[in-house]
Amino acid sequence: MADDMGAAAKLDAVIDTTVSHSARIWNYWLGGKDNFAADREAGDRVAAMLPGIVAQARADRAFLGRAIRYLAGEEGIRQFLDIGTGLPTANNTHEVAQRVAPASRIVYVDNDPLVLAHARALLTSTPRARATTSTATCETRTRSSPRWPGPSTSPSRSR
């Protein structure tokens with residue numbers, strides 16, 4: 001974990017808050033706190049061109065919550081893979097799943113170093129959730145990551 005915190009500190013040193021970032025714009029639309037003036041300005045410009053974008057972002061987050069609650073509650077799923085996670089905000093996958101089933105395990109995957117730094121910082125309080133980097137070409141490495149605690153590393157319908 002010390003390596004993750006060192007990486008986060010290095011990343012913070014190179015983040016240009018005067019340039020908007022898509023993950024931070026999405027965070028702004030969801031009402032998150034991890035965004036800056038440039039992100040809010042860009043988000044407002046996009047929303048002026050696409051008036052439904054904020055409602056769409058929030059509907060997307062609401063759907064994620066309903067789907068996770070259903071899978072954890074009704075189907076008994078206990079392992080989740082959140083690909084393209086974006087910046088943490090309210091009702092993240094691990095929060096929703098673990099409210100329904102505290103034993104749920106979640107792996108967050110993203111290829112954006114900014115997103116990963118935030119996700120790793122958030123996940124220090126929950127041992128049943130991890131964040132890792134990946135791209136579409138390295139899904140095998142993600143599924144077989146030796147860093148995951150427990151007997152199974154890949155989310156499955158086997159619960």
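The first residue of the sequence shown is numbered 1, and numbering continues consecutively from there.
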Q: Are the side chains of Leu71 and Phe80 in touch, meaning some heavy atoms are under 4.5 Å apart?
A: yes
Q: I'd like to know whether Asn91 forms a side chain to side chain donor-acceptor pair (under 3.5 Å) with Arg69, so could you lay out the CA-CA distance, the side-chain angles of the two residues, the decisive distance to 0.1 Å, and finally the verdict.
A: CA-CA 11 Å; Asn91 294 315; Arg69 277 190 300 280; 5.9 Å; no
Q: May I ask you to decide if Ala129's main-chain N or O and Arg105's side chain share a donor-acceptor pair within less than 3.5 Å?
A: no
Q: A side-chain contact here means heavy atoms from C-beta on lying under 4.5 Å apart; do Gln98 and Ile106 qualify?
A: yes
Q: Indicate, with yes or no, if the rings of His21 and Phe36 have centres closer together than 6.0 Å.
A: no
Q: Are Tyr28 and Asp44 close enough, and set up right, to give a side chain to side chain donor-acceptor pair (under 3.5 Å), and what steps lead you there?
A: CA-CA 10 Å; Tyr28 167 58; Asp44 290 343; 2.8 Å; yes
Q: Keeping Asn35 on the side-chain end and Ile25 on the backbone end, is there a donor-acceptor pair under 3.5 Å?
A: no
Q: So do the side chains of Arg61 and Arg58 get within less than 4.5 Å of each other, counting heavy atoms only?
A: no
Q: Using only atom types and a distance under 3.5 Å, with no angle test, would you say the side chain of Asp82 pairs donor to acceptor with the backbone of Thr93?
A: no
Q: Is a donor on one side and an acceptor on the other found under 3.5 Å between the side chain of Tyr108 and the backbone of Leu123?
A: no
Q: If two hydrophobic side chains count as joined below 4.5 Å and joins carry through other members, does Tyr70 share a cluster with Leu64?
A: yes
Q: For Gly84 and Asp110, work out which heavy atoms get closest and say how close.
A: C-OD2, 3.3 Å
Q: May I ask whether Leu87 and Ile15 are part of the same hydrophobic cluster, defined by side-chain heavy atoms of I, L, V, M, F, W, Y residues being less than 4.5 angstrom apart, directly or through others?
A: yes
Q: Val19, Leu114: one ILVMFWY side-chain cluster at the under-4.5 Å cut-off?
A: no
Q: Using 0.5 Å steps for rounding, measure from the OG1 atom of Thr17 to the CG atom of Asp39.
A: 8.5 Å
Q: Between Thr132 and Val107, does a side chain to side chain contact (heavy atoms under 4.5 Å, CB included) hold up when you go through it step by step?
A: CA-CA 7 Å; Thr132 187; Val107 174; 4.0 Å; yes
Q: Got a donor-acceptor contact below 3.5 angstrom from the Glu95 side chain to the Asn92 backbone?
A: yes
Q: Which heavy-atom pair separates Ile77 from Ser104 by the least distance, and what is that distance?
A: O-OG, 4.2 Å
Q: Is there side-chain contact between Leu50 and Gln56, with at least one heavy-atom pair below 4.5 Å?
A: no
Q: Tell me the closest heavy-atom pair linking Ser20 and Ala38, and the distance in Å.
A: CB-O, 3.5 Å
Q: Same cluster or not: are Val46 and Leu30 linked, directly or through other Ile, Leu, Val, Met, Phe, Trp or Tyr residues, by side-chain heavy atoms under 4.5 angstrom apart?
A: yes
Q: So which heavy atom on Ala23 is nearest to which on Val115, and how close?
A: CB-CG2, 3.7 Å
Q: Has the side chain of Asn27 got a donor or acceptor atom that lies under 3.5 Å from a matching backbone atom of Asp34?
A: yes
